[in-house]
Amino acid sequence: NSILEPGCMDPGRLGSGGEAASLVQPHRLAFRMALAGLQPGEPWGFKDPRNGLAAEAWLKAFPEARVVHLLRDPVATIGTLPELYDRFVRLDARRPTRTRFWMDLWQAYVDGARRGMASAAAAVEIRFEDLCADPVGVLGEVCGALDLPAEVGPEILTEAPIQSGKTEVRDQVRAALDAADFLALAAFAGRYGY
């Protein structure tokens, strides 16, 4: 993704050509993957929010790819970003605060992922909070949607279910933001059902 979308943390650079599917040459990508230790025919996958921006390029290289889009409450997402990510923040008239910058980037990732899902051989969108509340059920839905063997059972999960912490994170974000930014963020999240 760093090769496909070098401006991935800067919404001002989105659309500058880095995410164009035409930039991917499948044979060169296969070579780079082989260097990373992946063998032909071996199943693999990875989670990277930048996949939303690079989805069309990945699907050009791997037209039979199955896509799982994990959606998370944007308030919680912004609330869990480490401070070191702030070096990517670029403020301007449209994004005058850190919060507005991250809202814009979150939306670009989600919209890009959804566009990519529309052309995927199989795709499913799940919510992080649902996965935390019912990991076995949601993973079963993912297997069904992607036509994968349903090998998900409670015995596969070796740790206690993860808590999404949505309320706690929202309270922390509310305390850290000025009222205008929090209201804008809450309204934005509401457009996505949060």
With clusters defined by side-chain heavy atoms of hydrophobic residues (ILVMFWY) lying less than 4.5 Å apart, directly or transitively, does W106 cluster with L183?
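No, L183 does not connect to W106 through the hydrophobic network.
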Using 4.0 Å as the upper bound for N to carboxylate O, is an ion pair formed by R95 and D92?
yes
Nearest non-hydrogen partners of [X] and [Y], listed with the distance:
| X | Y | answer |
| --- | --- | --- |
| L71 | Y194 | O-OH, 3.3 Å |
| G116 | L59 | O-CD1, 3.1 Å |
| A65 | A120 | O-CB, 4.2 Å |
| L185 | M103 | CD1-CG, 3.6 Å |
| M117 | V67 | CG-CG1, 3.9 Å |
| A145 | V124 | CB-CB, 3.7 Å |

Expected output: side-chain R94 to main-chain L91 donor-acceptor under 3.5 Å
no
Between the main-chain N or O of R98 and the side-chain N or O of R100, is there a donor-acceptor pair closer than 3.5 Å?
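No, because the side chain of R100 does not come within donor-acceptor range (under 3.5 Å) of the backbone of R98.
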Mind checking the [atom1]-[atom2] spacing from [X] to [Y]? Nearest 0.5 Å is all I need.
| X | Y | atom1 | atom2 | answer |
| --- | --- | --- | --- | --- |
| H69 | R114 | NE2 | CZ | 6.5 Å |
| I126 | R72 | CD1 | CZ | 12.5 Å |
| L70 | N51 | CG | CG | 11.5 Å |

Under the criterion side chain to side chain contact (heavy atoms under 4.5 Å, CB included), I'd like the reasoning laid out for E129 against D73: C-alpha separation, chi angles, the key distance, then a yes or no.
CA-CA 8 Å; E129 298 80 10; D73 177 0; 3.3 Å; yes
Could I get the full list of salt bridge (charged side-chain N to carboxylate O under 4.0 Å, His left out) partners for R127, not counting sequence neighbours?
none
As a test of understanding, state which of F188, Y85, W102 forms a side-chain contact (heavy atoms from CB on, under 4.5 Å) with I78.
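It is W102; the other options fail the test.
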